[in-house]
Amino acid sequence: QHDGATGAKAGETAKKTSQSGRSEVAAYTGSVSAIGDSVMLGAVEGLQKDIKGLTVVDAEVGLQLYDAIAVLKSRRAMGQLGEVVIVHLGNNGTFTRDEFDQIMRTLSGVDTVLFVNVTVPRPWEGPNNEVISEGVERHSHTVLVDWHSASADRPELFYSDGYHLRPEGQKIYADLV
């Protein structure tokens, strides 16, 4: 169960971990934006249904960190970042500490940043999850959404590639975020 505060703003749940159940974002009434790769794209319908303030979703197949950072910078320049930003990156390659810090610099001024960790049967899964976890520990106004714990050892949630979501996985993912 999410152990966040009962406050009206998701920002009041900073540095908490959501392992199961619903995050505070679903009840949040401000603007929310999201960026991710094909895993997020597969669950976008559920996210849009569950998160009322979700106004911008930049989710695309094969999204790499360097491209995602450029998208976030562009959204910031256009004033299109939500007060809460959901970030699910790292399925398609390595995620470095420097990239995490670049994201946080770009999102400075955002109330809360939710980082969703990864479940991907690739060599970078563990190191990427470590970068995400350590980054959340180092930065205030961040929340770890522990998708890995919620989905590990649950092959029925995924197609044969081990990370793209079947409908049941899409629902659990959207509910978790």
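Along the sequence shown, residues carry numbers from 1. Side chains included, hydrogens not; waters and symmetry mates left out as well; all remaining heavy atoms used.
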To the nearest 0.5 Å, how far apart are [atom1] in [X] and [atom2] in [Y]?
X	Y	atom1	atom2	result
Ile103	Ile132	CD1	CD1	8.5 Å
Leu176	Ser149	CG	OG	9.5 Å
Asp146	Ser151	CG	OG	8.5 Å

Side chain Ser31, main chain Glu83, donor-acceptor under 3.5 Å: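 Confirmed, Ser31 side chain pairs with Glu83 backbone.
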
Side chains of [X] and [Y]: closer than 4.5 Å at any heavy-atom pair?
X	Y	value
Thr119	Val39	no
Ile86	Ile51	yes
Val143	Val136	no
Ile35	Arg75	no
Asp111	His141	no

Please report the shortest heavy-atom distance between Glu125 and Val120, naming the atom on each side.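 Taking every non-hydrogen atom into account, OE2-N, 2.9 Å.
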
Nearest atoms (heavy-atom pairs only) where Gly82 meets Ser33: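 Closest approach of Gly82 to Ser33: N-OG, 2.9 Å.
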
Run the side chain to side chain contact (heavy atoms under 4.5 Å, CB included) check on Gln170 and Glu45 step by step: do they pass? CA-CA 9 Å; Gln170 294 169 9; Glu45 187 176 306; over 6 Å; no

Can you give each donor-acceptor pair under 3.5 Å made by side-chain atoms of residues 88-96, sequence neighbours left out, with the distance rounded to 0.1 Å?
unit_1 : atom_1 : unit_2 : atom_2 : d
His88  : ND1    : Tyr173 : OH     : 2.7
His88  : NE2    : Asn91  : ND2    : 3.4
His88  : NE2    : Asn117 : O      : 3.2
Asn91  : ND2    : Asp37  : OD1    : 3.2
Asn91  : ND2    : Asp37  : OD2    : 3.0
Asn92  : ND2    : Asp37  : OD2    : 3.4
Asn92  : ND2    : Leu63  : O      : 3.2
Thr96  : OG1    : Glu99  : N      : 3.0
Thr96  : OG1    : Glu99  : OE1    : 3.3

Residues in side-chain contact (heavy atoms from CB on, under 4.5 Å) contact with Asp101, at least two apart in sequence or another chain: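 So Asp101 forms a side-chain contact (heavy atoms from CB on, under 4.5 Å) with Arg97, Arg105, Arg138, His139.
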
In sequence, state the C-alpha distance, the side-chain angles, and the governing distance for Trp147 and Val177, and then conclude on side chain to side chain contact (heavy atoms under 4.5 Å, CB included). CA-CA 8 Å; Trp147 170 241; Val177 173; over 6 Å; no

Hey, are Gln102 and Asp98 close enough side-chain-wise for a donor-acceptor pair under 3.5 Å?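 Side-chain D/A pair, Asp98 to Gln102: present.
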
According to a hydrophobic-cluster definition based on side-chain heavy atoms being under 4.5 Å apart (Ile, Leu, Val, Met, Phe, Trp, Tyr only), do Val56 and Val113 belong together?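 No: no chain of side-chain contacts under 4.5 Å links Val56 to Val113.
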
For Gln80, does the CD atom have more than 12 heavy-atom neighbours from other residues, nucleotides or ligands under 6.0 Å away?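 Atom CD in Gln80 is crowded, with more than 12 foreign heavy atoms closer than 6.0 Å.
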
Donor-acceptor list for residues 158-165 side chains, cut-off 3.5 Å, not counting sequence neighbours:
unit_1 : atom_1 : unit_2 : atom_2 : d
Asp161 : OD1    : Tyr163 : N      : 3.0
Asp161 : OD1    : His164 : N      : 3.0
Asp161 : OD2    : His164 : ND1    : 2.3
His164 : NE2    : Ser38  : OG     : 2.6

One pair to check against side chain to side chain contact (heavy atoms under 4.5 Å, CB included): Leu47 and Leu54. What are the steps and the verdict? CA-CA 8 Å; Leu47 291 171; Leu54 187 59; 4.0 Å; yes

Run the numbers on Asp67 and Glu60 for side chain to side chain contact (heavy atoms under 4.5 Å, CB included), then give the verdict. CA-CA 11 Å; Asp67 290 324; Glu60 60 184 74; 5.8 Å; no

